[in-house]
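Below, read A as the first sequence line, B as the second, and so on, with proteins coming before strands; counting in each chain starts at 1. Note: hydrogens, waters and symmetry copies are ignored here, and every other heavy atom, side chains too, is used.
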Protein chains: 2
Amino acid sequence: MQETVVEFQTLQRSGAVANQALEIIKQMIVRGELTAGQRLPAQRDLAARLGVSRPSLREAIRALIALNILESRHGEGTFVSSLEPELLAEPIDFLLQVNSTALVALFEARRALEAAVASLAAERATDLELAQLEDFVKLGRSKLDDLDAFIEHDVEFHGRLRAAARSPILSSLLASVNTLSNASRRQTARSAATRARALADHEAMVRVLKARNPQAAHQAMVEHLQHVLEGLTDVAPA
Amino acid sequence: MQETVVEFQTLQRSGAVANQALEIIKQMIVRGELTAGQRLPAQRDLAARLGVSRPSLREAIRALIALNILESRHGEGTFVSSLEPELLAEPIDFLLQVNSTALVALFEARRALEAAVASLAAERATDLELAQLEDFVKLGRSKLDDLDAFIEHDVEFHGRLRAAARSPILSSLLASVNTLSNASRRQTARSAATRARALADHEAMVRVLKARNPQAAHQAMVEHLQHVLEGLTDVAPA
DNA sequence: CCGGCAGATTGGTCAAGCCACCTGGCCTCG
DNA sequence: CGAGGCCAGGTGGCTTGACCAATCTGCCGG
């Protein structure tokens, strides 16, 4: 370990050693040197390789576990998690519990992305997709009374829109934002009136999509999510 | 602290002790026993109070730091963070770093996000911000001949818009998208004509912002990025 | 061939100590 | 008397070394 010391002129803030180890591991994952499910070297070996003590390495590992990036199994080893977006987004739940204004911020992001998706879907969806979407939306009528079923219906509606938009980046961003706000979705759909309005919005959306009108689709989605947001603030004010 | 031991029948998975300390601290924050900015007891004391060793407690603290729930300052103490929404950003960033594969459709995402930012900025920017932005854009004229200076100018223009939009989540998403597309920015601004058109777009943007017209701002941004995209494809076709 | 036992491997925890940093009070000097 | 510097105490950061507990592996005996 003669040359383990790397750019040390970086800010020497708190937790220099442990954070350094943390960043190195993170980068190894980002760069693909470590892939999902892969096993890390034993803590004793890895600590030696990184030039830090085992407790410090353990702090770094524990931090990455908290972020659902790593997981460790006693007696087996430490592994890279599946890195599923859902897992990686989970830690945010805590902040949403504590700070409800964060929820509103999330909604802004979702609105922007969903609107873009709707707009693209109006241009790129196949006729078959639109026909199937129309049929699917009709099924929603029978689910108005079942909260769980309707939530599932709503999720799939937006999922189909994403697929039709053919924009993997937008889909990926939206997936991130959505997994964050999934917890709140249950609240938003609580009242029957809210659900009925959502269904009506979905039907309106299908109409403008079939008319191949991107701008109208954009606008329709903004309004739809505005309704949802109102339903949310009704339930949980301030 | 005779009764520190709490529900131990919970799954005894890996990291039982450290995780227990972690959960206890988390719950104290959720319940409001610890509020934003408050100082925690010294690690040595807290470890004793929770009935764990200091290294284990440190693992728990490090995990909470990774989640942006705590922060520690050397020589001062460990504190509850501000718990503000922008702290959501960091975990999302990693998610995007890992997930991002397709660089192709990136521009769509940027367009959607920038447009949303412009729209929000039209509503939320202070008069002072807009006045300063106007002055700043004027400075752009003198930079038209210097490629590097103009790129820097362009980056700051969009940065100021983000700041004025007051939407940490959108900013964070956009930051991720931008780091991915930074490589191409240099190409887009290569021709003098492209730069002149970009500057004109910026000036137009300032006008609609001062008019407090969100929809026009949205539209102006879409058109602006459309121009940039055209400049890009001119230079580097498919 | 198979089952089980024993050692090696690995993560989990702890104890004790040193260092680096910040703060605040004391003391000295002007 | 005030201002500046010095120093001690408290705090987080890090290391060493050791032991415990869960798991895996392979050998050995039935």
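To the nearest angstrom, C1' of D/dC14 lies 16 Å from CG of A/L22. With rounding to whole Å, A/I61 atom CD1 is found 13 Å from C/dT10 atom P. The CG atom of B/N19 sits 13 Å away from the C1' atom of C/dT13 (whole-angstrom rounding). With rounding to whole Å, B/L57 atom CG is found 15 Å from C/dA15 atom C1'. One can place CD of A/E76 at 19 Å from P of D/dA21, the figure rounded to the nearest angstrom. What separates CD of A/E59 from C1' of D/dC14 is a distance of 8 Å, to the nearest Å. Between the C1' atom of D/dT15 and the CZ atom of A/R44 lies a distance of 15 Å, rounded to the nearest Å. In this structure, the CZ atom of A/F79 is 13 Å from the C1' atom of D/dA22, given to the nearest Å.
Here the nucleotide nearest the side chain of A/P55, chosen from D/dG13, D/dC14, D/dT16, is D/dT16.
Here B/R54 does not reach the OP1 or OP2 of C/dA15: none of its side-chain N or O atoms lies under 4.0 Å away. Taking 4.0 angstrom as the limit, A/S72 places a side-chain polar atom (N or O) nearer than this to OP1 or OP2 of C/dG12. Side-chain nitrogen and oxygen atoms of A/R62 include at least one within less than 4.0 Å of the OP1 or OP2 phosphate oxygen of C/dT13. Distances shorter than 4.0 Å separate some side-chain N or O of A/S56 from OP1 or OP2 on D/dT15. Contact check, B/Q43 against D/dT11: no side-chain N or O comes under 4.0 Å of OP1 or OP2.
Residues B/A42 and A/S53 each lie close to DNA chain D; by heavy-atom proximity, the contact nearer the 5' end of the strand is made by B/A42.
Of the charged side-chain nitrogens involved, at least one lies within less than 4.0 Å of a carboxylate oxygen, so that B/D127 and B/R212 count as a salt-bridged pair. Ion pairing between A/R110 and A/E108 fails under the 4.0 Å rule for side-chain N and carboxylate O.
Within 3.5 Å, no donor on the side chain of A/R73 pairs with an acceptor on the base of C/dG12, nor the reverse. Between the side chain of B/R58 and the base of D/dG12 there is no donor-acceptor pair of N/O atoms closer than 3.5 Å.
Taken from CD in B/E33 to CD in B/Q27, the straight-line distance is 9.0 Å, to the nearest 0.5 Å.
Under the salt bridge (Lys or Arg N to Asp or Glu O under 4.0 Å) rule, B/E129 has a single partner from B/R124, B/R160, B/K210, B/R166, which is B/R166.
Side-chain contact between A/H158 and A/M221 is present, with at least one heavy-atom pair separated by less than 4.5 Å.
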